[in-house]
Asks: 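Just passing along the structure, written as structure tokens.
In this text, all values refer to a predicted model and were calculated from it rather than measured experimentally.
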Amino acid sequence: MSDLHDDDELEDDDALEDDDEFEDDEVAPEGNRAVGARARTAVEHIARHLVDDPDGVFVDASERRDTVALLIHASPGDLGRIIGKRGRVIQAMRQLARASGSTEGIRVTVDVAE
């Protein structure tokens, strides 16, 4: 029975390590929390996993009052993958970003650079 318990602890530790990936970008160089960092990290993570060239993807964030605008840059051949059929993929990413931003009390918009 104790072997099963030890395996459960290992799985829990792995889950914690995956969550750390999102927290690295949340602290600004000055030590303050970067506004919209969780939304930016989530959008960038998803975009990188959708495209053929993940190194060609980066997300710019600009902040205006209580709104953060995210702009996804990707290789021209990968833009279709980010937008999706009838814009469904980018719409889903926008919803995710809005939900992430609402936890911080900010509005988040997501666009694709052409």
Side-chain angles (χ1 to χ4, degrees):
M1 263 320 234
S2 65
D3 290 336
L4 292 175
H5 182 69
D6 291 338
D7 289 340
D8 290 342
E9 287 179 17
L10 290 175
E11 288 176 14
D12 291 341
D13 290 341
D14 290 341
L16 291 175
E17 289 174 9
D18 291 341
D19 290 342
D20 292 341
E21 169 182 343
F22 290 104
E23 294 179 17
D24 293 342
D25 291 338
E26 290 184 24
V27 179
E30 304 85 35
N32 298 329
R33 282 188 117 21
V35 177
R38 180 166 286 166
R40 178 180 182 218
T41 304
V43 167
E44 188 168 7
H45 180 77
I46 291 170
R48 285 181 183 266
H49 283 83
L50 287 173
V51 299
D52 289 331
D53 180 22
D55 294 331
V57 173
F58 66 95
V59 178
D60 280 334
S62 60
E63 181 183 346
R64 287 179 232 117
R65 293 188 201 151
D66 63 342
T67 302
V68 174
L70 301 177
L71 185 60
I72 303 171
H73 296 271
S75 303
D78 289 331
L79 290 178
R81 291 178 181 269
I82 291 175
I83 295 169
K85 272 190 178 175
R86 298 186 184 191
R88 290 182 180 169
V89 174
I90 191 66
Q91 285 295 71
M93 290 172 64
R94 286 175 177 146
Q95 287 181 337
L96 175 92
R98 278 188 223 123
S100 296
S102 71
T103 62
E104 297 179 46
I106 58 169
R107 289 187 58 215
V108 179
T109 62
V110 179
D111 287 316
V112 179
E114 293 185 34

Asks: Nearest heavy-atom pair of Arg64 and Ala69: which atoms, and what distance?
Replies: NH2-CB, 4.1 Å
Asks: Count I, L, V, M, F, W, Y as connected when their side-chain heavy atoms are under 4.5 Å apart, and connections chain through other members. Are Ile46 and Leu71 then in the same cluster?
Replies: no
Asks: Please find the pair of heavy atoms, one from Val57 and one from Ala74, that lie closest to each other, and give the distance.
Replies: CG2-CB, 4.1 Å
Asks: How long is the gap from CD1 on Ile82 to NE2 on His73, to the nearest 0.5 Å?
Replies: 10.5 Å
Asks: Does Arg40 come within less than 4.0 Å of Asp60, counting only side-chain N to carboxylate O?
Replies: no
Asks: Can any side-chain N or O of Arg81 pair as donor or acceptor with the backbone N or O of Val51 at less than 3.5 Å?
Replies: no
Asks: Can you tell me how far apart CZ (Arg65) and CZ (Arg107) are? Round to the nearest 0.5 Å.
Replies: 12.0 Å
Asks: The criterion is side chain to side chain donor-acceptor pair (under 3.5 Å); which residues satisfy it with Ser75, sequence neighbours excluded?
Replies: Asp53
Asks: Is any side-chain heavy atom of Val110 closer than 4.5 Å to one of Val43?
Replies: yes
Asks: Roughly how far, to the nearest 0.5 Å, is CE of Met93 from CD1 of Ile72?
Replies: 3.5 Å
Asks: Report the distance from atom CD1 of Ile90 to atom CG of Leu50, rounding to the nearest 0.5 Å.
Replies: 9.5 Å
Asks: What distance separates Gln91 CD from Ile83 CD1, expressed to the nearest 0.5 Å?
Replies: 11.0 Å
Asks: Taking side chain to side chain contact (heavy atoms under 4.5 Å, CB included) as the definition, give me every residue that meets it alongside Ile106, ordered by chain and number, with sequence neighbours left out.
Replies: Val35, Val68, Glu104, Val108
Asks: Can you check whether Arg98 reaches Arg94 side chain to side chain, under 4.5 Å on heavy atoms?
Replies: yes
Asks: Looking only at non-hydrogen atoms, find the nearest pair between Ala97 and Ala39 and report the distance.
Replies: O-CB, 3.8 Å
Asks: For a quick test of reading the model, state the closest non-hydrogen atom pair linking Ala113 to Leu79 and the distance between them.
Replies: O-CD2, 3.6 Å
